[in-house]
*Asks:* 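Would you mind keeping the following structure in view while I ask a few things?
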Number of protein chains: 2
Amino acid sequence: MSAEAKEAKVEMNASQPASPPLTERQEARRRRILHASAQLASRGGFDAVQMREVAESSQVALGTLYRYFPSKIHLLVATMQDQLEHMHGTLRKKPPTGDTAAQRVAETLMRAFRALQREPHLADAMVRALTFADRSVSPEVDQVSRQTTMIILDAVGLENPTPEQLSAVRVIEHTWHSALITWLSGRASIAQVKIDIETVCRLIDLTDPRAPE
Amino acid sequence: MSAEAKEAKVEMNASQPASPPLTERQEARRRRILHASAQLASRGGFDAVQMREVAESSQVALGTLYRYFPSKIHLLVATMQDQLEHMHGTLRKKPPTGDTAAQRVAETLMRAFRALQREPHLADAMVRALTFADRSVSPEVDQVSRQTTMIILDAVGLENPTPEQLSAVRVIEHTWHSALITWLSGRASIAQVKIDIETVCRLIDLTDPRAPE
DNA sequence: CGCTAATCTAGAACAAGTTTCAGACTTGAT
DNA sequence: ATCAAGTCTGAAACTTGTTCTAGATTAGCG
């Protein structure tokens, strides 16, 4: 037998709760799977992400795919986590420049929206999975939600948001998700989404003592 | 170019677009199907609405079920239309009593929310179908959206809403749907939903000249 | 009434998500 | 190096949404 790698464990993922640490090969498998998922999703959206195809594309047995992601929804939500992380990094590099919190949040969300427009099929797959997820995916969906909240709070630019402000952020998130859905299903135009985002963002100013109406 | 267009028998049903009129038996079948759908949904939510079971419960062949409703999503969205109509009627009877538009809208939505809490599984099935619907269901989903808009506008109490007000209503609707989803998937409490609704409803007052803060 | 087209029925067949299983391979510890 | 436990593979099976088919029923019409 060749000196087949003794796989050292790689442990350092701050975001996921302590799941059994993965070996390098496992980390690589996981990554291949997520990559295949995103690729298939980019082609044809939710329906194009077929578990057998994902397994084949990522060179993994179907059973293994299901060991890593217990359902198609789990897989797509994980894909979204992955993409979101990437986007958060991108957004951080160029903070929004608006004068009011509302402007900055709207600017940030519109930037994210434009990114999604470049891969509408991928957006479709991820967002549909997110809103279709049932209780069994709650932890993962919650993680996505927290990540989104952080992106918005970054744009607001506050260290210690008040409960009122957090409510406003929650509502902005609701609007963001739902507006995306109406756009993805062809019931609202890009312009309409923009208006909705700008409208809801006014809420954040209502709670900002520094920039009263 | 004869001026006599062939508009002999325009079906004047305001809600449904001109579909071929149904015979009594067909109307009865359609009703049985919707009833079975709602009943199964009430038991076990989205997953419990299985097309074979719906067909059997409503004494109709599977193929016929699919002739009436071309997919499970269509069926559930139609079920929602049905329930919404009922709810709109109920709400009309006792108009909300709040002083501001925001209070009235929040009151109305909370009343609807309490109705949904009585049949959480049914709510699950309908809302999941609604947000999962793809383009092929757009007309039906749009109809649900219009109906919801009318309910909210009723609560606002305006004849001729401004575009700004319509935007606020759209955002309220977004929040309503998304908040329902987070509640249904166990990620938000009833109290949290209430707060979110009340928060977003403040938007409607921003646009109401009569009741400035 | 009798005809034709549309509709309905029972049931098989197909598609994709999910589960299961036996056997091969890895890993971690001794 | 060796063994037990855990993991991965390939393939088949199962579930439920959806489609298809052949024959029976019904509706509308002359």
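Throughout, protein chains are lettered first and strands after them, A, B, ... in sequence-line order, and every chain is numbered starting at 1. For the numbers below, each heavy atom of this structure counts, side chains included, while hydrogens, waters and symmetry mates do not. Just so it is clear, the structure is predicted and the values come from calculations on it, not from any experiment.
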*Asks:* In sequence, state the C-alpha distance, the side-chain angles, and the governing distance for Leu34(A) and Leu75(A), and then conclude on side-chain contact (heavy atoms from CB on, under 4.5 Å).
*Replies:* CA-CA 7 Å; Leu34(A) 286 175; Leu75(A) 171 58; 4.2 Å; yes
*Asks:* Hey, which of these two, Thr23(B) or Leu65(A), hits DNA chain D nearer its 5' end, going by closest nucleotide?
*Replies:* Leu65(A)
*Asks:* Side chain of Arg29(A) only, heavy atoms from C-beta on: which candidate in dC8(D), dA16(C), dT9(D) is closest?
*Replies:* dC8(D)
*Asks:* Applying side-chain contact (heavy atoms from CB on, under 4.5 Å), name anything that partners Ala41(B), two or more places apart in sequence or on another chain.
*Replies:* Val49(B), Leu122(B), Ala125(B)
*Asks:* Between Arg202(A) and Glu198(A), is the closest basic N to carboxylate O distance under 4.0 Å?
*Replies:* no
*Asks:* Of the listed nucleotides (dA10(C), dG17(C), dA12(D)), which one gets closest to any side-chain atom of Tyr66(A)?
*Replies:* dG17(C)
*Asks:* Counting only side-chain heavy atoms from C-beta out, which of dT9(D), dC8(D), dG17(D) sits nearest to Tyr68(A)?
*Replies:* dC8(D)
*Asks:* Need one value for Arg52(A): base, sugar-phosphate or nothing, where a base atom within 4.0 Å counts as base even if backbone is also close, heavy atoms only.
*Replies:* base
*Asks:* Please give, in whole Å, the distance from dA16(C) C1' to Gln50(A) CD?
*Replies:* 6 Å
*Asks:* Can you tell me which nucleotide in dT19(C), dC8(C), dA12(C) comes closest to the side chain of Leu62(A)?
*Replies:* dT19(C)
*Asks:* So which nucleotide from dA27(D), dT7(C), dG17(D) ends up closest to the side chain of Met51(B)?
*Replies:* dG17(D)
*Asks:* Just the rounded figure in Å: distance from P of dT27(C) to CD of Gln26(A).
*Replies:* 8 Å
*Asks:* Which residues satisfy the side-chain contact (heavy atoms from CB on, under 4.5 Å) test with Glu107(A), sequence neighbours excluded?
*Replies:* Pro96(A), Thr97(A), Arg111(A)
